[in-house]
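Scroll down for the structure; my scribbles are underneath it.
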Amino acid sequence: MVRWVWLALFCSKLAQATAIVAVVFPGAVYIAADSRLTKTAASGGPATSSEGCKIVQTPVAAFAVSALSSDSRTGFDFGEITRGALAAASGPLDARIEEVEQALAPKMKATVDGIRQDFPKLYESFRKGKVGQAVFAAWEDGHPVLIEDDWEITPEGEIHQERFRATDEQNLLIIGSGGDAILRYVNQNSDWWKVPAPEALDRLIHAAIDDATATHADDVGGEIAILTIDANGQRWVRTGKCGEQR
C-alpha cells in the first residue's frame with residue numbers, strides 16, 4: 001500500500017472557488033479537480049456558473065490553477081501565459097516554472113494594481129489570501145514531479161512568489177476554496193486513503209462539493225476530472241469536462 005501523507009493545505013475561502021488535489025507517489029502523479037466555473041461581474045453583480053476543465057495538459061507538463069485567472073483589461077490570462085511559457089522553456093520542470101513566473105509577473109502585477117484601484121474590497125480579499133496558486137506535474141528522468149507555486153500580495157503591494165516541491169514523504173497538495181471541507185472529511189474518515197489513488201482523490205473532491213451544496217455556496221461542483229502521469233505518459237482516469245487537450 002502506497003503511503004499517503006500531508007504536504008500542505010494551501011486553501012483560502014478568499015481564493016477563486018475551486019477544489020484541486022494533487023498527489024505524487026514513486027511511480028505516478030495525480031491531479032484531480034472539480035469543474036464548477038464561477039465568474040463575478042466587475043460591477044458587483046451576481047456570480048454566474050458554468051462547467052469546464054480546470055486541468056491543462058501540455059506536452060511537457062500538466063497544471064491546474066486556483067485564484068486570479070484572467071483580466072480582460074490587462075490581457076492577463078494565467079492559463080494561456082503559463083501554457084505558452086512552458087512550451088517555450090527548456091530543461092526540468094523547475095526551470096520551466098521559472099520561465100512561467102517571469103512571464104506571469106508583469107501582467108499579474110498590472111492586474112493587481114488595477115484591482116487595488118478599482119475594487120479595493122476584492123484587492124483586500126486577495127491580499128489576505130492568495131492571488132494565485134497552481135500545481136504543476138510532469139514525468140522526468142524516470143520519476144514523477146509535483147510542484148506547487150503560490151503568489152501573495154505583500155503589505156507593500158508587491159507580488160511574492162513561493163514554490164513547494166512535493167516528495168515521496170510529503171506528497172499531498174490541496175489548493176482552492178474546498179480545503180476546509182476536505183480537512184473535515186479526512187478527520188472524520190481516517191481510512192479515506194485505503195483505496196486506489198483515483199478513488200481517494202474523488203472522495204476528497206466530493207467532500208468539497210457536498211459541503212458547497214449543503215451550504216448553498218454553489219462555488220464548487222460539477223463533474224470531477226482526474227489526470228495521471230507516469231512512465232507511459234499522461235492519461236485521463238476520469239475525463240470530467242476535460243478530455244484530450246494536447
Side-chain angles (χ1 to χ4, degrees), residues 1-10 18-35 53-66 78-80 82-101 103 133-150 163-176 182 186 191-206 223-246:
M1 178 70 68
V2 177
R3 183 181 175 217
W4 292 75
V5 290
W6 295 100
L7 170 60
L9 180 61
F10 298 108
T18 195
I20 298 170
V21 182
V23 63
V24 64
F25 298 125
V29 58
Y30 295 83
I31 302 177
D34 74 315
S35 59
C53 182
K54 297 181 179 179
I55 303 172
V56 181
Q57 287 182 288
T58 78
V60 298
F63 65 93
V65 178
S66 173
F78 198 117
E80 287 303 311
T82 299
R83 188 195 295 268
L86 285 173
S90 60
L93 186 58
D94 270 308
R96 292 178 185 270
I97 293 177
E98 287 184 9
E99 294 295 325
V100 169
E101 293 164 358
Q133 292 181 288
V135 290
F136 295 86
W139 185 270
E140 56 186 37
D141 298 327
H143 300 284
V145 179
L146 177 61
I147 297 173
E148 177 169 351
D149 220 3
D150 287 359
R163 196 182 310 164
F164 306 87
R165 187 183 183 99
T167 68
D168 292 344
E169 292 75 30
Q170 296 177 311
N171 65 338
L172 185 64
L173 299 173
I174 300 173
I175 65 174
I182 290 173
V186 167
D191 63 346
W192 67 272
W193 54 274
K194 296 180 179 180
V195 294
E199 183 177 344
L201 297 182
D202 181 84
R203 291 181 182 184
L204 297 184
I205 299 294
H206 262 120
E223 297 182 43
I224 295 173
I226 304 176
L227 179 75
T228 185
I229 304 175
D230 57 21
N232 296 315
Q234 302 179 20
R235 69 180 185 279
W236 291 102
V237 179
R238 300 188 183 181
T239 57
K241 293 294 182 180
C242 293
E244 295 297 329
Q245 302 173 63
R246 281 193 266 176

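Values reported hereafter were calculated over all heavy atoms of this structure, with side chains retained and with hydrogens, waters and symmetry mates removed.
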Reported CG-to-CG distance for the pair Leu204 and Leu172, which is rounded to 0.5 angstrom: 7.0 Å

Would you say that Val65 contacts Thr82 through its side chain, given a criterion of any heavy-atom pair below 4.5 Å between the two side chains? no

Minimum heavy-atom distance Ala28-Thr228, with the two atoms named: CB-OG1, 3.9 Å

Is there side-chain contact between Phe63 and Val100, with heavy atoms separated by less than 4.5 Å? no

So, does Arg96 use its side chain to make a donor-acceptor pair with the main chain of Ala89 at under 3.5 Å? yes

Exercise: identify the closest heavy-atom pair between Gln57 and Arg83: O-NH1, 3.4 Å

Can you tell me how far apart CG (Asp230) and OH (Tyr30) are? Round to the nearest 0.5 Å. 7.5 Å

Nearest 0.5 angstrom please: Ile226 CD1 to Glu199 CD, how far? 9.5 Å

How far does CG of Leu201 sit from CD1 of Ile224, to the nearest 0.5 angstrom? 9.5 Å

Heavy-atom check, side chain of Ile20 versus side chain of Gln133, under 4.5 Å: no

Nearest heavy-atom contact between Ile205 and Ala19 is CD1-O, 3.5 Å

Side chains of Val29 and Val145, heavy atoms from C-beta outward: is any pair under 4.5 Å? no

Work out which heavy atom in Leu93 is nearest to a heavy atom in Ala61; give both atom names and the distance. CD1-CB, 3.8 Å

Measuring from atom CD1 of Ile229 to atom CZ of Arg235, what distance do you get when rounded to the nearest 0.5 angstrom? 10.5 Å

May I ask you to test the Leu146-Asn171 pair for a side-chain heavy-atom distance under 4.5 Å? no

Could you report the tightest heavy-atom contact between Ala200 and Val195, atom names first, then the distance? N-CG2, 3.5 Å

Steps toward side-chain contact (heavy atoms from CB on, under 4.5 Å) verdict (Ile175, Thr18): CA-CA 8 Å; Ile175 65 174; Thr18 195; 5.6 Å; no

Do Arg163 and Phe136 have side-chain heavy atoms sitting under 4.5 Å apart? no

Side chain of Ser35, backbone of Glu223: donor and acceptor closer than 3.5 Å? yes

For the residue pair Glu140 and Val60, establish whether any side-chain heavy-atom pair is separated by less than 4.5 Å. no

Check Gly176 against Ser66 and note the closest heavy-atom contact, atom names and distance. CA-OG, 3.5 Å

To the nearest 0.5 Å, atom CZ of Arg165 lies from atom CG of Asp94 at 5.0 Å

Please check this pair: side chain of Thr239 against backbone of Cys242, looking for a donor-acceptor N/O pair closer than 3.5 Å. no

